[in-house]
Amino acid sequence: MSKVVKIAEISNYAGEEVTIEGWLYNKRSSGKLRFLLVRDGSETIQCVVFKNSVSEESFMDADKVTQESSVRVTGVVAEDKRSPLGYELQINTFEIIQLAHDYPITKKEHGTDFLMDHRHLWLRSSQQYAIIRIRHEIIRSAREFFDDRGFTLVDTPIFTPNAAEGTSTLFETDYFGENAYLTQSGQLYAEAGAMAFGKAYCFGPTFRAEKSKTRRHLTEFWMIEPEVAFFDLNDDMILAEEFVSHMVQSVIKNKQKELQAIERDTQKLELVKLPFPKIHYNEAVDILKKNNIDFKDGDDFGGTDETVISDQFEKPVIIHHYPAAIKAFYMKRDEQNPEYALAMDMLAPEGYGEIIGGSQREDDYDTLLGRIKEHNLSEEAFKWYLDLRKYGSVPHSGFGLGIERTVSWICGLKHVRETIPFPRLMQRIYP
RNA sequence: UCCAGCGUAGCUCAAUCGGCAGAGCGGGUGGCUGUUAACCACUAGGUUGUAGGUUCAAGUCCUACCGCUGGAGCCA
């Protein structure tokens with residue numbers, strides 16, 4: 001056995017004999033030749049086994065090897081223009097580590113339910129592999145963006161005590177005889193982080209027990225939430241657009257191969273450059289009216305409304321100053337026009353809908369306490385949150401970005417379920 | 001929770017007006033020295049989601065249930 005190398009680094013070993021450890025992706029044969037596509041997690045390479053060049057045992061193994069069997073191959077790296085990788089391996093020895101039987105995912109088409117039942121294996125397929133690699137790049141560049149700007153990561157809890165905004169969409173668990181809920185958002189805790197570190201962000205899973213069966217919903221999804229002290233709504237919108245632009249540019253720069261594998265039209269991503277359009281809620285309503293959409297002024301936008309609005313632009317669009325009545329209790333109101341909240345949402349293009357929701361937060365103690373009472377929320381549960389307005393309160397703002405919807409948009413997918421390794425949906429908790 | 005559509009081989013799908021259950025892929029056997037979801041030949045593989053009903057006859061029509069898919073509301 002020669003040096004074990006990763007296929008992604010194979011170009012450094014042209015003409016040399018190397019060993020690759022991986023899995024059989026596909027097999028083709030022609031007479032005394034066996035063409036074996038071997039993947040090792042970094043890349044896929046075609047291995048050529050010629051009957052007269054290997055031992056009888058190696059050729060028999062190459063003949064009977066099945067899809068997704070684990071294998072160890074040793075051969076000479078040969079440049080080959082016919083190969084998509086540019087190189088193939090001329091095999092000297094071929095060894096089966098474990099022979100797989102009846103791998104369920106075949107080369108032809110499969111239905112969604114079947115693939116989801118085999119999600120643990122589906123991840124090995126080239127498109128799913130590419131999507132998860134792009135997801136990784138999105139998360140990597142998101143962390144990079146905040147880390148490079150002096151933000152401190154403040155991890156927020158997943159178990160939370162009394163419900164923040166009603167219990168209907170919360171997952172309830174037993175916490176040593178008390179009720180605890182899985183977090184819907186780390187925001188309130190991130191605000192505490194902002195008062196300690198100036199610029200803070202949290203990143204983790206969030207849970208919503210919404211009975212939503214659509215292409216945009218998961219019951220468990222990941223959210224990254226920056227929160228900044230001495231920051232107003234305008235600062236918040238600028239941070240949001242710079243952030244989204246940074247992630248898109250990073251994917252374009254570092255994940256070309258993966259974008260090609262999933263056949264993403266990257267021209268549409270190239271258009272995502274600063275600045276993004278920013279429109280007032282009322283302007284968004286005007287767009288709907290111009291397009292003859294039946295819409296009641298003051299309501300929140302539905303799925304089709306969002307698509308109509310975002311279709312006016314080729315970049316993500318930020319909508320700001322929503323009616324306060326349809327927004328959360330902690331959002332600060334516009335002093336000039338208190339009917340409106342200092343809130344903003346970002347809608348992704350191509351009908352992908354809301355990827356960001358954010359606002360300037362209410363920073364006045366008495367006003368916030370009043371809102372808590374208006375919403376019939378427990379004053380006791382929010383005592384610590386009110387403390388933030390009691391001890392050195394400052395204007396501050398933040399937002400939350402849903403990772404899965406962002407991945408879905410950047411990858412151009414039909415459904416968010418493919419953007420996370422093991423999706424949790426209303427009707428699915430397996431595997 | 002509500003609305004709509006779909007459940008046939010391991011998988012993806014056919015099956016005309018209610019009249020013999022059939023293809024491809026995958027599996028097995030054999031062939032081929034450059035294959036690219038390789039190809040060619042042969043082969044095995046079925047309680048048509050479940051229960052009931054109508055009919056000489058049901059994959060096909062009716063009822064209920066189960067499952068899946070998409071959507072609405074709500075949201076990232």
Side-chain angles (χ1 to χ4, degrees), chain A residues 25-37 44-53 59 63-64 66-68 78 80-85 88 90 100-118 121-122 125-127 165-166 168-170 183-187 205-225 240 244 299-307 326-328 344-348 352-358 399-409 414-417 419-420 425-428:
Chain A
Y25 195 68
N26 195 12
K27 178 174 73 174
R28 294 179 285 265
S29 70
S30 178
K32 290 171 182 156
L33 286 170
R34 297 291 177 272
F35 300 96
L36 308 172
L37 272 147
T44 303
I45 192 168
Q46 174 162 281
C47 301
V48 185
V49 185
F50 179 44
K51 191 172 185 180
N52 298 348
S53 305
F59 192 75
D63 196 49
K64 75 177 185 196
T66 52
Q67 195 186 358
E68 288 303 323
D80 194 308
K81 282 176 187 145
R82 288 167 291 191
S83 151
L85 188 67
E88 55 180 34
Q90 301 287 345
H101 288 289
D102 299 328
Y103 186 71
I105 300 176
T106 65
K107 288 177 276 187
K108 292 267 176 152
E109 289 166 49
H110 297 283
T112 303
D113 192 42
F114 176 81
L115 288 168
M116 276 299 163
D117 276 341
H118 297 87
L121 304 175
W122 191 23
S125 303
S126 59
Q127 298 214 342
E165 300 174 57
S168 62
T169 63
L170 287 164
T183 183
Q184 283 191 313
S185 158
Q187 181 208 312
T206 52
F207 308 86
R208 308 247 169 122
E210 288 159 5
K211 291 181 177 171
S212 302
K213 287 194 291 186
T214 80
R215 68 185 71 203
R216 301 189 310 279
H217 289 88
L218 298 167
T219 56
E220 178 180 314
F221 66 96
W222 287 65
M223 195 149 65
I224 189 159
E225 296 171 275
V244 169
D299 276 2
D300 207 350
F301 304 119
T304 35
D305 302 329
E306 286 182 354
T307 303
I326 56 167
K327 286 293 180 183
M344 62 100 172
D345 283 357
M346 188 190 291
L347 307 184
Y352 281 92
E354 188 180 345
I355 53 171
I356 278 180
F399 61 82
L401 171 129
I403 292 292
E404 287 74 17
R405 284 191 185 172
T406 305
V407 176
S408 190
W409 159 51
K414 289 196 178 86
H415 200 298
V416 285
R417 66 185 156 219
T419 65
I420 183 166
L425 297 131
M426 188 187 156
Q427 301 283 14
R428 175 172 294 281

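From a predicted model like this one, the values you see are computed outputs, not experimental measurements. First the proteins, then the strands, lettered A, B, ... as listed; each starts at 1.
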(Q) For A:Asp63, is there an ion pair with A:Lys51 - N to carboxylate O distance below 4.0 angstrom? (A) no

Q: State whether the aromatic ring of A:Phe35 stacks on the base of B:rG34, taking stacking to mean ring centres under 5.5 Å apart and ring planes under 30° to each other.
A: no

Q) Base, sugar-phosphate, or nothing for A:Thr406, non-hydrogen atoms under 4.0 angstrom? A) nothing

Q) For A:Glu88, which contact category applies under a 4.0 Å heavy-atom criterion: base, sugar-phosphate, or nothing? A) base

Q.
With a 4.0 Å cutoff (strictly under), does any side-chain N or O of A:Arg417 reach OP1 or OP2 of B:rG70?
A. yes

**Q.** C1' gap between B:rU48 and B:rA58, integer Å
**A.** 11 Å

Q.
Reading 5' to 3' and counting Watson-Crick or G-U wobble pairs with both distances under 3.5 Å, write the dot-bracket notation for RNA chain B, | for bases paired outside the strand.
A. (((((((..((((.....[..)))).(((((.......))))).....(((((..]....))))))))))))....

Q. Do the side chain of A:Ser212 and the base of B:rG73 come within less than 3.5 angstrom through a donor-acceptor pair of N or O atoms?
A. yes

Q | Inter-nucleotide C1' distance (B:rC2, B:rG45), Å rounded | A | 42 Å

Q) Should A:His110 be listed as having a side-chain N or O under 4.0 Å from OP1 or OP2 of B:rG26? A) no

**Q.** N-glycosidic conformation, B:rC65 - syn within 90 degrees of 0, else anti
**A.** anti

**Q.** Any donor-acceptor N/O pair under 3.5 Å between B:rG27 base and A:Gln67 side chain
**A.** no

Q | Side chain of A:Arg215 - closest among B:rG71, B:rU12, B:rC75 | A | B:rG71

Q: For the side chain of A:Phe221, starting at C-beta, report the closest nucleotide among B:rA76, B:rU1, B:rC75.
A: B:rA76

Q.
Once you apply a heavy-atom cut-off of 4.0 Å, does A:Tyr103 come out as touching a base, just sugar-phosphate, or nothing?
A. nothing

**Q.** Nearest-Å distance once atom C1' is located in both B:rA64 and B:rC25
**A.** 36 Å

(Q) Please give the distance between the C1' atoms of B:rC74 and B:rU1 as a whole number of Å. (A) 12 Å

Q: Determine the interatomic distance between C1' on B:rC39 and the same-named atom on B:rC6; round to the nearest Å.
A: 35 Å

Q. When the distance from NE2 of A:His217 to P of B:rU1 is rounded to whole Å, what number comes out?
A. 17 Å

